[in-house]
Amino acid sequence: MDSSLHEVWQAASGSLFIPTVGKDSHFAVGFSLVVLGVFLTFVFALNRSFANLAVIGVPASLALAVGVVYMFCAVGVYV
C-alpha cells in the first residue's frame, strides 16, 4: 500500500459523497433527537433502576448528544 496522498485524492475525486442526512434536514433531525432525549430523561428520572439505565438512560444521553451536534450543524455556532 505505497500510494501517496495525491494518488488517493485523485482516486477519490471520481466518487461522489452523499451524506446520510441532508444539509436541509439537520434542524428537523436534531430537534427531534433533542426532544426524544429530554423525554427519555424524564421517563428515566421517574423510575430509576439499574435495568432502566441500559434501556432508557443510555439511549437518552446518546439522543441528546447526537441531537445537540446536529443542532450545532443546523444553526451554526457564532462566538
Side-chain angles (χ1 to χ4, degrees):
M1 299 277 239
D2 270 332
S3 52
S4 68
L5 181 61
H6 182 68
E7 291 173 1
V8 172
W9 183 267
Q10 292 298 326
S13 67
S15 62
L16 181 64
F17 174 73
I18 301 172
T20 305
V21 178
K23 185 178 179 183
D24 295 334
S25 61
H26 277 175
F27 185 79
V29 170
F31 186 74
S32 58
L33 282 173
V34 168
V35 169
L36 177 68
V38 169
F39 175 74
L40 288 176
T41 300
F42 286 140
V43 170
F44 178 70
L46 292 175
N47 187 12
R48 290 187 295 176
S49 69
F50 188 71
N52 281 343
L53 180 65
V55 176
I56 298 173
V58 173
S61 64
L62 289 175
L64 276 171
V66 174
V68 166
V69 170
Y70 269 108
M71 290 299 284
F72 282 161
C73 292
V75 299
V77 179
Y78 302 104
V79 178

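Predicted model only: the values in this text are computed from it and were never measured.
- With rounding to the nearest 0.5 angstrom, the CD1 atom of Ile56 is 9.0 Å from the CZ atom of Phe39.
- Remark: of the listed residues Val34, Val29, Leu33, Val35, Val35 is the sole one forming a side-chain contact (heavy atoms from CB on, under 4.5 Å) with Phe31.
- Closest heavy-atom contact between Phe44 and Ser49: CE1-O, 4.1 Å.
- Between Met71 and Gly30, the shortest heavy-atom distance links the atoms SD-C, 3.6 Å.
- Under the 4.5 Å side-chain heavy-atom criterion for grouping Ile, Leu, Val, Met, Phe, Trp and Tyr, Val66 is not connected to Phe72 through any hydrophobic cluster.
- Within the 4.5 Å cutoff, side-chain heavy atoms of Thr41 are placed close to those of Leu64.
- Among all heavy-atom pairs drawn from Val21 and Tyr70, the shortest one is CG2-OH, 3.5 Å.
- Taking each heavy atom of Val58 and Ser61 in turn, the nearest pair found is O-OG, 2.9 Å.
- Between the Asn47 side chain and the Asn52 main chain, no donor and acceptor come within less than 3.5 Å of each other.
- Within the model, atoms CG of Leu16 and OG of Ser13 stand 11.5 Å from one another, a figure rounded to the nearest 0.5 Å.
- The two residues Ala63 and Leu36 come nearest to each other via the heavy atoms CB-CD2, 4.5 Å.
- Both Val43 and Val55 are assigned to one and the same hydrophobic cluster, defined by single-linkage of ILVMFWY side chains at heavy-atom distances under 4.5 Å.
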